[in-house]
Structure formats: structure tokens, C-alpha cells
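Here is the structure we will look at.
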Amino acid sequence: MQVRLLFFGNLTDAVPSSTLDWDWNGQRFAVVDLLQSLYVNYPKLKGKTFRVAVNQQFVETDFALTDGDEVALMPPFSGG
Amino acid sequence: MEMEADFLDRYQRQLSLSEVGLSGQRALRAARILIVGMGGLGCPALQYLSTAGVGTLILVDDDEVSLSNLHRQTLYSPQQIGQKKVQVAADWVSSLNKEIKVVAVAEKFSAVNALNLLQSVDLVVDCTDTFTARYAINDACAEAGIPWVYGSIAKFEGQVSIFNVPNEEWQQGNKRGLSHSLNYRDVFPNPPADGEVQNCAESGVLGALAGIVGSLQALEALKFLLKTEGLLVDQMLTYDGLLHRMLKYQLRSSNPSKS
């Protein structure tokens with residue numbers, strides 16, 4: 001199973017690229033599982049403020065992911 | 001009072017839009033907008049709201065013009081360094097069009113002055129650069145039932161939305177659903193920790209990016225006043241200036257009573 005990850009704003013400093021393709025071989029695959037996996041691989045993401053959107057709809061962390069989903073990690077921006 | 005002929009001539013190029021027309025133009029003239037922040041977002045937002053003919057503009061910012069503003073804050077020039085931004089901006093509006101009522105408030109928007117500032121305001125445009133200011137605007141507008149256009153930037157990216165829009169059906173007595181659309185705190189219940197998210201001074205920005213996002217905010221404000229389709233109600237527009245990519249996200253509240 002693979003999902004495409006999009007990182008916005010300050011989160012791009014915590015990951016190698018603002019777009020990543022993420023493979024998953026485990027059984028249950030909800031947003032919360034994805035985030036746990038990301039925190040292990042990219043520790044700088046842990047503790048950051050953001051919402052998650054799947055296929056351009058904001059979701060809660062118990063949302064179940066499907067092969068091919070686009071998952072965005074959206075922090076608030078500050079500048080003006 | 002502006003001669004009707006001058007009024008029609010000045011706005012002729014937008015009157016021909018079916019979304020505007022004479023009634024739309026009069027609605028703009030009757031509108032009162034509060035713009036909080038006269039910096040990178042505030043300058044383009046003010047320029048396009050005043051050229052479009054919004055009748056009353058209240059500008060709130062306690063800052064003064066400085067040299068490092070000039071790369072992106074397009075209303076200011078070196079001769080104005082040290083002057084209050086709201087006064088320089090107000091003078092600019094007056095020289096454009098004496099018919100526009102412009103009020104310069106050289107204060108920081110906060111819970112202390114919010115109630116007073118929001119009197120008879122139809123819409124607020126958030127052109128601030130701190131989370132403190134944005135949550136203050138959000139909470140005051142939520143209390144007062146006033147919608148506001150959100151805008152923020154980070155390097156080459158921007159976010160735009162319109163929050164707390166009154167639900168017309170609810171206002172007319174059909175009290176199903178929510179009285180107002182989602183607001184900023186529904187989306188981001190708590191601000192990030194200090195230092196977690198950088199502002200323009202810390203991370204850098206090109207003026208053109210601020211110009212794009214401030215202009216999008218002005219357009220969204222005008223669309224609200226003209227009651228056009230396509231408002232970003234319960235939606236977040238994101239713009240990536242490096243990829244030239246715009247994506248719209250359907251928002252959902254973190255507040256269980258609103259989801």
C-alpha cells in the first residue's frame with residue numbers, strides 16, 4: 001500500500017522533501033499509525049502543530065487510509 | 001458627495017460584471033471593512049478594496065514604517081520612514097478617492113479594543129503576522145458574529161479562508177445546523193508554541209508572494225460583499241508559489257459539537 005504525503009509550511013524543514021511517497025506493509029493503516037511511523041523516521045515532526053487532510057478533506061486521526069490516498073500535513077502559517 | 005457620473009465612470013470597468021452591476025457597486029459603497037495589519041498583506045488588500053470602492057475602511061496597526069518594510073509593503077516610501085503605517089495608508093486612500101471614509105487606528109488589535117473596533121463592521125480582513133493577533137481576531141469575531149477573511153504566509157506559501165460566515169437560513173429562522181461557518185479555532189484549536197512557526201522577519205519572504213495572498217484576501221472580501229458564488233466557507237485555499245500550485249481543502253472542526 002502506498003500513500004503520497006504533502007508537507008506544508010514549517011513542516012518541510014523536518015522532512016527530506018515536501019512530497020514523499022510512503023509505503024506501508026502493516027495491517028491497520030489509519031492516520032494515527034502513519035503519524036507514529038513518520039515520527040520515528042522524522043523525529044523533528046514530533047510535537048509540531050498541524051491538521052491532517054486526506055484527499056483534500058480534513059480528517060481526524062482515526063481515519064482509515066487506502067492505497068493511493070494523498071495525505072497532507074497542514075500547519076497554520078504565521079506571516080503577514 | 002461624488003457626482004453620480006464620476007461614480008459610474010470610475011467603476012465602469014467592474015460595473016459590467018454581472019456579479020457587480022449598480023446594486024453590487026452600491027453594496028460595496030455601503031460596506032464597512034476593518035483591516036487589521038498594514039504590512040505585507042495589508043497593503044495589497046487595502047489597495048484592491050479601496051480601488052474597488054468599499055465605502056468605509058478602518059485600518060488598525062500600531063507599527064511605523066521602517067526601511068526593511070519597503071521590499072514588500074508597497075504603499076510606503078523612504079520619505080515616510082518613522083510615520084505611522086495607518087496614517088500613511090489612510091492618506092493614500094484619501095488621495096485615491098475622497099469619497100471613501102477611512103479611519104486610521106494606530107493601536108494593536110486586542111480583546112481590550114476589539115468590541116469598540118468591531119462596531120457596525122461587516123467584515124474583518126486579517127493581515128496580521130502573529131498567532132496572538134489572529135486568535136484575538138477570531139475570538140472577537142466569533143463573539144460578535146462577524147465574518148473575517150484569514151490570510152497568512154510562510155516563505156513561498158500562503159493560506160486563505162473566510163471564517164465565521166453567517167448561515168443565511170439560520171439567520172432567517174431555520175435553526176438547523178450552525179449559526180455560523182467554521183472559524184480559525186475550530187481548525188487550529190490552540191496556537192503553536194513560541195518559536196515553532198517563523199514569521200517573515202525570521203524565515204524571509206518575497207514581496208510578490210505577500211502581494212498574491214493579500215490580493216486573494218481582497219478578492220474574497222469583495223466576493224463576500226457581492227454575495228458571489230465560490231466563497232471559501234469551510235475551506236482553506238493553499239498557494240505554493242514555487243510550484244504555482246493552488247489546492248483547496250475541505251475543513252473540519254476539531255470541536256466535536258461542530259463536526
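Below, each value reflects all heavy atoms present in this structure, side chains not excepted, and no hydrogens, waters or symmetry copies. Proteins get letters first, then strands, A, B, ... in listed order; numbering begins at 1 in each.
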Legend entry - Top of B/D240, B/L243, B/V187, B/T130 for chain A proximity - count of heavy-atom pairs under 4.5 angstrom: B/V187
Inset, instruction - Evaluate the side-chain proximity of A/L6 to B/R245: yes if any heavy-atom separation is below 4.5 Å, no if none is. - result: yes
Legend entry - When B/P191, B/G42, B/G158, B/G39 are compared by non-hydrogen pairs under 4.5 Å with chain A, the top option: B/G158
Legend entry - B/S152 vs A/P76 side-chain heavy atoms within contact, under 4.5 Å: no
Legend entry - B/Y150 versus chain A, the contacting section by heavy-atom distance below 4.5 Å: side chain
Legend entry - B/Y48, OH: over 12 other non-hydrogen atoms inside 6.0 angstrom: no
Legend entry - Residue pair A/K48 / B/V197, side-chain heavy-atom distance below 4.5 Å: no
Legend entry - Proximity breakdown for A/D13 and chain B, heavy-atom pairs closer than 4.5 Å: side chain
Inset, instruction - Take atom CG of B/D194 as the centre, draw a 6.0 Å sphere, and report whether it contains more than 12 heavy atoms from other residues, nucleotides or ligands. - result: no
Inset, instruction - Evaluate the side-chain proximity of A/F77 to B/F131: yes if any heavy-atom separation is below 4.5 Å, no if none is. - result: no
Inset, instruction - Measure the spacing between CG of A/N10 and NZ of B/K155 and express it to the nearest 0.5 Å. - result: 9.0 Å
Inset, instruction - Please determine if B/D186 and A/R51 form a salt bridge, counting it only when a charged side-chain N lies under 4.0 Å from a carboxylate O. - result: no
Legend entry - Under 3.5 Å: donor-acceptor pair, side chain of B/R252, backbone of A/A53: no
Inset, instruction - May I ask you to check whether A/T49 and B/E196 show a side-chain donor-acceptor distance below 3.5 Å? - result: yes
Inset, instruction - Starting at CD of A/Q56, measure out to CD of B/Q235 and round the result to the nearest 0.5 Å. - result: 10.0 Å
Legend entry - Rounded distance [0.5 Å steps], OG in A/S18 versus CD in B/E157: 7.5 Å
Legend entry - Residue among B/L41, B/D126, B/I153, B/D129 with most heavy-atom pairs under 4.5 Å to chain A: B/I153
Legend entry - Side-chain heavy-atom pair A/F58, B/Q250 within 4.5 angstrom cut-off: no
Legend entry - Interchain contact, B/S203 with chain A, by part (heavy-atom threshold 4.5 Å): neither
Inset, instruction - Name the region of B/Q159, side chain, backbone, both or neither, that has any atom closer than 4.5 Å to a heavy atom of chain A. - result: both
Inset, instruction - Evaluate the side-chain proximity of A/Q57 to B/Y249: yes if any heavy-atom separation is below 4.5 Å, no if none is. - result: no
Legend entry - More than 12 heavy atoms of other groups within 6.0 Å of B/K108 NZ: no
